[in-house]
Student: 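Let me begin by handing over the structure; questions about it come next.
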Amino acid sequence: MLPDEPGLLIDAARIEDRVAELASRISEDHAGNGELLILGVLKGAFVFLADLVRGLTVPHRVDFVTLSSYGDSTTPADAVRWVHDLETDVSGKPVLIVDDVVDTGSTLGHLKETLFSRGASSVKSCVLLSKSKPRADDRQADYVGFEIDDVWVVGYGLDHAGRHRSLPYVGVVDPAG
Ligand code: 5GP
Ligand code: MG
């Protein structure tokens, strides 16, 4: 292992299997509900979303928001920063938020509230990773790939100060080191 190479947490084969399972569950749950809007949260969700949507068997469109709560630091900030809005009018539409990881849940909570206030007919959420910690109901994800400990994860779209997004696996870095 190189000096700054992240330690392995979830390998590429396990991710592939789990993403396929999530895609079929989401497809089953949304069959016959009309066109689903898949809303990716940039930047971290771009790899997960690309794999997930290719497994869906229900009609859908894709849009993105860019939200930021952390900047380059690994300590949660209170507020969610709205960097780039989605282009779609969500009024009357079912929406599935796709994010990389839920930590405090403030990003999910904020986004759900905004989508409902804009008239979305339903809002569900899917995250690849969920950090095991207490969270209010409106901050939970409906579909979770893997429950993980409270560590800083990178790879498969996730970064540490902009690095490691292209790793094919989910790894762990020591934010201090
Ligand atoms: P929350 O709002 O749930 O506290 O944080 C969610 C957002 O923080 C995620 O969408 C992600 O961008 C970022 N985040 C939280 N934990 C991690 C982590 O371990 N690694 C990375 N790369 N991003 C994280
Ligand atoms: Mg994010």
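One-based numbering along the sequence shown. One-based numbering, in listed order, for ligands and for the atoms of each. All values below come from the heavy atoms of this structure, side chains included, with hydrogens, waters and symmetry mates left out.
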Student: Out of H110, K131, H164, R165, whose heavy atom is nearest to atom 16 (N) of ligand 1?
Tutor: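 The residue whose heavy atom sits nearest atom 16 (N) of ligand 1 is K131.
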Student: Is a side-chain donor or acceptor of D142 paired with a backbone partner of S125 at a separation under 3.5 angstrom?
Tutor: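 Looks like yes, one N/O pair under 3.5 Å.
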Student: Below 4.0 Å from any atom of ligand 1, is there a heavy atom belonging to V41?
Tutor: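 Flag not set, V41 not near ligand 1.
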Student: Report yes or no: does a heavy atom of D100 sit under 4.0 Å from some atom of ligand 1?
Tutor: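 It does; at least one heavy atom falls under 4.0 Å.
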Student: Give a yes/no verdict on whether any heavy atom in L129 is under 4.0 Å from an atom of ligand 1.
Tutor: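 So L129 does not count as touching ligand 1.
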Student: Name the option, out of G162, S130, G105, that contains the heavy atom nearest to atom 3 (O) of ligand 1.
Tutor: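 It is G105 whose heavy atom sits nearest to atom 3 (O) of ligand 1.
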Student: Please could you name the atoms of ligand 1 that V151 approaches to less than 4.0 Å, counting only its heavy atoms?
Tutor: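 So the answer, numbered in order with elements, is 19 (O).
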Student: Are side-chain N/O atoms of Y156 and D51 paired as donor and acceptor at under 3.5 Å?
Tutor: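 Judged by distance alone, the side chains do pair up.
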Student: Answer yes or no: is there a donor N or O on one side and an acceptor on the other, between the side chain of D89 and the main chain of S91, under 3.5 Å?
Tutor: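 Here the side-chain-to-backbone pair exists.
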Student: Restricting to non-hydrogen atoms, name the atom on D11 and the atom on Y169 that form the minimum distance, rounded to 0.1 Å.
Tutor: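 Heavy-atom minimum between the residues: CA-CB, 4.1 Å.
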Student: Can you list every pair that meets salt bridge (charged side-chain N to carboxylate O under 4.0 Å, His left out) and has a residue in residues 25-43, with sequence neighbours left out?
Tutor: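 Salt bridge (charged side-chain N to carboxylate O under 4.0 Å, His left out) check on residues 25-43 returns E35-R61.
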Student: Please name the pair of heavy atoms, one in V47 and one in R165, separated by the smallest distance, quoted to 0.1 Å.
Tutor: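 Shortest heavy-atom separation between V47 and R165 comes out as CG2-O, 4.4 Å.
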Student: Go through ligand 1 atom by atom and flag the ones less than 4.0 Å from a non-hydrogen atom of D159.
Tutor: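 So the atoms of ligand 1 that pass are 21 (C), 22 (N).
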Student: Quick one: which residue pairs count as a salt bridge (charged side-chain N to carboxylate O under 4.0 Å, His left out) with a foot in residues 109-124, not counting sequence neighbours?
Tutor: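 Salt bridge (charged side-chain N to carboxylate O under 4.0 Å, His left out) check on residues 109-124 returns D85-R118.
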Student: Measuring from atom 2 (O) of ligand 1, which candidate in V173, V101, D103, T107 has the nearest non-hydrogen atom?
Tutor: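 Comparing heavy atoms across V173, V101, D103, T107, the nearest one to atom 2 (O) of ligand 1 lies in T107.
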Student: Is there a polar contact, in the sense of an N or O pair closer than 3.5 Å, between L158 and ligand 1?
Tutor: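 No, no N or O pair falls under 3.5 Å.
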Student: I need the atoms of ligand 1 closer than 4.0 Å to a non-hydrogen atom of D99, numbered in the order shown.
Tutor: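 Counting from 1, the qualifying ligand atoms are 10 (O).
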Student: Give the contacting part of V153 toward ligand 1: side chain, backbone, both or neither, where contact means a heavy-atom distance below 4.0 Å.
Tutor: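 Within the 4.0 Å criterion, V153 contacts ligand 1 through backbone and side-chain atoms alike.
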Student: If hydrophobic clusters are built from ILVMFWY residues whose side chains come within less than 4.5 Å, do V153 and Y143 share one?
Tutor: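 In one cluster with V153: Y143, yes.
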Student: For H160 and ligand 1, answer yes if some heavy atom of the residue is under 4.0 Å from a ligand atom, otherwise no.
Tutor: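 Distance cut 4.0 Å: H160 fails for ligand 1.
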Student: Testing V19, L158, V170, V41 one by one against F48 for a side chain to side chain contact (heavy atoms under 4.5 Å, CB included), which residue passes?
Tutor: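 Testing each of V19, L158, V170, V41 against F48, the sole residue satisfying side chain to side chain contact (heavy atoms under 4.5 Å, CB included) is V19.
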Student: Could you tell me if any non-hydrogen atom of G44 lies under 4.0 Å from any atom of ligand 1?
Tutor: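 Distance cut 4.0 Å: G44 fails for ligand 1.
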